[in-house]
Amino acid sequence: MPRRHIFTAVAWPYANGPRHIGHIAGFGVPSDVFARYQRMAGERVLMVSGTDEHGTPIQVQADSEGITAAELADRYNRVIVRDLHDLGMSYDLFTRTTTRNHYAIVQEMFTALWDNGYIVERPQRSAISPSTGRTLPDRYLEGTCPICGYDGARGDQCDHCGNQLDPQDLIDPRSKINGERPTFVESSQMFLELPAFAEVLGSWLQSQTDWRPNVVNFSRRLLDDLKPRAITRDLDWGVPVPLPGWRDRPDKRIYVWFDAVIGYLSASVEWARRTGDPDAWRPWWTEGADARYFMGKDNVVFHTIIWPAILLGASGRPAGTPGAMGVLRLPSEVVSSEFLTMEGRKFSSSRAVVIYVRDVLDRYGADPLRYYLAVAGPETSDTDFTWEQFVTRNNGELVAGWGNLVHRSLSLVAKHLGAVPAAGELTEADHDILSQGSRAFASVGQALGRSQLRAGVTEAMRVVAAANKYLSDQEPWKRVGSEPDRFATIMHCALQLVADCNRLLAPVLPATADKVAAMLGGHGPFAGQPRVDEVEDLDGGRPYPVITGDYDGVAAWRSEPVVPGTPVAPPTPLFSKLDASVVDEELARLASS
RNA sequence: GCCGGCGUAGCUCAGUGGUCAGAGCAGGGGACUCAUAAUCCCUGGGUCGCGGGUUCGAUCCCCGCCGCCGGUACCA
């Protein structure tokens, strides 16, 4: 079977701070498990992302710290790169939106849309901060609600009475940033003509029968009321507008969301250029490829409406001619996760309801976190994270389930045999357990290929449990001296199951998988691990770190026979049992931070 | 307000128009000792939110209600 091209597009984390585990649960673990599975299954995967660094929030935060937006973005780009690398995210390229390559591609796409008539200039009335001259987004506006009189109404909506508001109607409007009264100024902005794509988007969405229902339903409703959307702002931090009279203006920039989604394309191009073949990205952007996009549900509108509209318009659809990037394929699936809540509350950095990825990695390691988020993450509905469940899953499933299977099997072999034994005659029980291992590749693979992590991991862990039961039933430790042949056969089967389960779990537990593979006597790459490279900007900009990796030669998604005679050393524990006091410690951290 | 989702054993969740509604964990009992007191077996426990309706029959379909949550795109 020919290898398919599978584009794995991972939502771009915003570089205004460290990421918390809710972010990772939404875009991180699901995308990486999917990509790793597809690579093991033999497909050609291109997985890209980067930090999203433009926009008002970064500008505002930089101002408050007395540094430039670029300096702030540099800082958090580095923090996020380190977090995602340590989490084991196997990007082919994790870059950023402040590269010259990205600027160029964004401008190409803008130009293509402009040439096809899908971008038009219109006056727009918007709130401007008098002290900076910058657009003040609705989220930074507050005032008294003209409908109910509530004083904390946001610019676009009153949290008290729930009515949608026009910012200009706010009584006594003020900036949340510095309290000043905004001025409402009419200025020219560029608008993306979303209504022109309504019909094409409608039939495209209609044809998606196997997406998660929440994504399709939500998107179809949006189509009913599409309006042109401003894609520029009065701001000096962002990609310049590539038009005469606009290009050199210091106060007009492309809106952050327009440029951020184009990152999927620019990162693909950057990856290709770095491989030495500037066109190498194209096979992942043609109709024959599979293009999966992973994100939290707050990003759905950008991936099912705005990004497809950009792709369509720049490709000359529904009318026009393809731009410089050619005809670009639409997402084949938009995979959205719901939200993770934290001990019953919504994540909120400002209210210290937050668990940072870095802290979990440092204290408990990447794989336990990946495992938890894969098996108990917000796959189909909002899901609560509790430390108690984290500890319970870690101890009961990783330590006592999978870790124990590996440890007891390898201990017995190392102690009494020193190498993988050959199997003698197989009993029915032997055949049965071996068959459970080999058959699981189909069922677990099907689940992971459809981004059903919970089902896939649960199925793999069922095999782990069956193997533990097999050992308990066969009681090999009673046959060491009395029935050496039977002992060898049982242990051969046990090691085969360890090897099989290790592959089944490798997409979720890549670091652990490498350890187990090594303990079974393997050499060379097994799961494949990312690395951080410091690179030069390809077009003369500043250097920056990227996450990349060579994932060729990862273990195959099938049962491979263990080889008799391979030396087996005594194992070291794979996971650490967590004391119940961890729960109290972490809760205390939350409460006091 | 509008749109959507959820409400199933103590906890976290799965599930189907029809034999006794399931899993894991927690609880109770037992076996074993290779293994990080890990593993394995047995077991108690549920008006499937409430009230109607459709149907021979609904936890799963429809309506209403209560509760919880999310979205409401110029917040990423």
Side-chain angles (χ1 to χ4, degrees), chain A residues 11-17 23 52 54-58 124-127 135-141 147 154-158 161-164 167 189 191 194 213-214 217-219 221-222 224-233 255-257 260 296-302 304-306 338-339 341 344 346 375-376 378 380-384 386 388-389 392-393 395-401 403-416 454-455 458 461-462 465 467-480 487 490-491 494 571-577:
Chain A
W12 291 50
Y14 198 57
N16 66 339
H23 294 123
D52 174 10
H54 295 125
T56 306
I58 283 177
Q124 184 187 42
R125 229 180 148 67
S126 61
T135 301
L136 205 49
D138 290 348
R139 68 173 304 194
Y140 288 111
L141 279 176
I147 298 170
R154 295 180 304 170
D156 54 346
Q157 183 181 347
C158 175
C161 67
N163 285 296
Q164 290 190 51
Q189 304 294 356
F191 284 75
L194 289 176
N214 51 355
N217 294 339
F218 177 68
S219 304
R221 283 195 304 279
L222 292 173
D224 295 339
D225 186 29
L226 279 187
K227 290 177 288 216
R229 183 177 173 117
I231 57 169
T232 59
R233 293 286 185 281
Y255 168 54
V256 57
W257 254 109
K297 63 177 166 183
D298 49 341
N299 281 355
V300 168
V301 63
F302 299 104
T304 61
I305 304 291
I306 295 173
E338 304 294 296
F339 282 154
T341 54
K346 194 173 172 179
V375 78
T380 56
S381 61
D382 290 356
T383 302
D384 194 35
T386 66
E388 188 179 351
Q389 283 182 58
T392 297
R393 294 248 185 206
N395 292 352
E397 296 171 31
L398 291 181
V399 176
N404 185 233
L405 175 66
V406 173
H407 205 258
R408 68 198 300 211
S409 301
L410 292 178
S411 292
L412 279 167
V413 171
K415 193 167 175 183
H416 301 292
R454 197 182 283 248
T458 301
M461 290 303 281
R462 235 195 298 278
N468 267 323
K469 173 175 163 51
Y470 168 81
L471 278 180
S472 294
D473 288 348
Q474 300 303 314
E475 302 180 308
W477 49 89
K478 288 186 177 173
R479 307 170 198 277
V480 173
F487 174 70
I490 294 168
M491 293 323 298
T572 53
L574 297 174
F575 305 101
S576 299
K577 182 161 181 170

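A quick note: this is a predicted structure, and the numbers were derived from the prediction, not measured. Reminder, nothing fancy here: chain letters follow the sequence lines and each chain counts from 1. These values consider heavy atoms only, across backbone and side chains, with no hydrogens, waters or symmetry-generated copies.
Atom CG of A/L405 and atom C1' of B/rC40 are 13 Å apart (whole Å). What separates CG of A/D298 from P of B/rA76 is a distance of 11 Å, to the nearest Å. Atom pair A/N395:CG and B/rU39:P shows a separation of 10 Å (rounding to whole Å applied). Atoms CG (A/L222) and P (B/rG70) sit 19 Å apart, rounded to a whole Å. B/rG5 atom P lies 12 Å from atom NZ of A/K297, rounded to whole Å. To the nearest angstrom, C1' of B/rA38 lies 13 Å from CE of A/M461. Straight-line distance from the CZ atom of A/R454 to the C1' atom of B/rC13: 7 Å, rounded to whole Å. Going from atom CZ of A/F339 over to atom C1' of B/rC6 covers 16 Å, rounded to whole Å.
Minimum atom distance to the side chain of A/A400 is reached by B/rA38, of the listed B/rC74, B/rA38, B/rA73.
As rounded to the nearest Å, B/rU54 and B/rC62 have P atoms that lie 15 Å from one another. Look at the P atom in both B/rU59 and B/rG49: the space between them is 9 Å, to the nearest Å. Nucleotides B/rC11 and B/rA26 have their C1' atoms positioned 7 Å apart, rounded to a whole Å. For the P atoms, the distance linking B/rC56 with B/rG51 amounts to 23 Å, nearest Å. Atom name C1', nucleotides B/rA9 and B/rC20: the rounded distance is 16 Å, in whole Å. Across the P atoms, B/rC25 and B/rG7 are found 23 Å apart, a figure rounded to whole Å. Rounded to a whole angstrom, the distance from the P atom of B/rU47 to that of B/rC42 is 25 Å. Taking atom C1' on both B/rC60 and B/rG22, the two are 14 Å apart, rounded to the nearest angstrom.
Separating the CD atom in A/E397 from the OG1 atom in A/T392 is a distance of 9.0 Å, to the nearest 0.5 Å. From A/T383, atom OG1 reaches atom CZ of A/R454 across 5.5 Å, with rounding to the nearest 0.5 Å. Expressed to the nearest 0.5 Å, how far CG of A/L574 lies from CG of A/L398 amounts to 9.5 Å.
In this structure, A/Q189 reaches neither bases nor backbone, as no heavy-atom distance under 4.0 Å exists between it and the strands shown. Among the protein residues, A/L226 comes within range of the nucleic acid bases, having at least one heavy atom under 4.0 Å from a base atom. Residue-level contact check: A/N16 touches neither bases nor backbone, having no heavy atom under 4.0 Å from any strand. Contact annotation for A/V256: backbone-only contact, meaning every heavy-atom pair under 4.0 Å involves sugar-phosphate atoms and none involves a base. Across all strands shown, A/T383 has heavy atoms under 4.0 Å from sugar-phosphate atoms exclusively, and none from any base. A/A15 comes within 4.0 angstrom of nothing in the nucleic acid, heavy atoms only.
The shortest side-chain heavy-atom distance between A/Y255 and A/R229 falls under the 4.5 Å cut-off. You'll find the side chain of A/P13 stays beyond 4.5 Å of the side chain of A/D52, heavy atoms only. Side-chain contact check for A/L405 versus A/L471: some heavy-atom pair is nearer than 4.5 Å. The shortest side-chain heavy-atom distance between A/F191 and A/I231 does not fall under the 4.5 Å cut-off. For the pair A/S219 and A/V301, the minimum side-chain heavy-atom distance is 4.5 Å or more. With contacts defined as side-chain heavy-atom distances shorter than 4.5 Å, the pair A/R408/A/S472 qualifies.
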Pairs: protein N or O with nucleotides 31-37 of chain B N or O, under 3.5 Å:
residue : atom : partner : partner atom : Å
B/rC34  : O2   : A/R408  : NE           : 3.2
B/rC34  : N3   : A/R408  : NE           : 3.4
B/rC34  : N3   : A/R408  : NH2          : 2.7
B/rC34  : N4   : A/R408  : NH2          : 3.2
B/rA35  : O3'  : A/H407  : ND1          : 2.9
B/rA35  : O2'  : A/N404  : ND2          : 2.9
B/rA35  : O2'  : A/H407  : ND1          : 3.3
B/rA35  : N3   : A/N404  : OD1          : 3.3
B/rA35  : N3   : A/N404  : ND2          : 3.3
B/rA35  : N3   : A/R408  : NE           : 3.3
B/rU36  : N3   : A/F575  : O            : 2.6
B/rU36  : O4   : A/L574  : N            : 3.0
B/rU36  : O4   : A/F575  : N            : 3.0
B/rU36  : O4   : A/F575  : O            : 2.6

Checklist entry - What does nucleotides 23-28 of chain B look like as a protein-contact string, B for base, S for sugar-phosphate only, - for none, at under 4.0 angstrom between heavy atoms? => result --S---

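Checking each of A/N404, A/V399, A/V406 against A/F575 for a side-chain contact (heavy atoms from CB on, under 4.5 Å) leaves exactly one that passes, namely A/V399. When each of A/V413, A/L410, A/V480 is tested with A/M491 by the rule side-chain contact (heavy atoms from CB on, under 4.5 Å), just one qualifies, namely A/V413.
Evaluation of atom-type donor-acceptor distances gives no pair under 3.5 Å for the side chain of A/Q389 against the base of B/rC11.
Nearest heavy atom pair, residue A/L226 against residue A/L194, reads CD1-O, 3.6 Å.
Note on ring orientation: taking the six-membered ring where Trp is involved, the planes of A/F302 and A/W257 are parallel (angle under 30°, cut-offs 30° and 60°).
Paired regions of RNA chain B, where each region holds three or more successive Watson-Crick or G-U pairs whose two hydrogen-bonding distances fall under 3.5 Å, are B:1-7 with B:66-72, B:10-13 with B:22-25, B:27-31 with B:39-43, B:49-53 with B:61-65.
Taking the ring axis of A/F487 as reference, the NZ or CZ atom of A/R479 does not stay both within 45° of it and closer than 6.0 Å to the ring centre.
Taking only side-chain nitrogens and oxygens, A/Y255 comes nearer than 4.0 Å to OP1 or OP2 of B/rA76.
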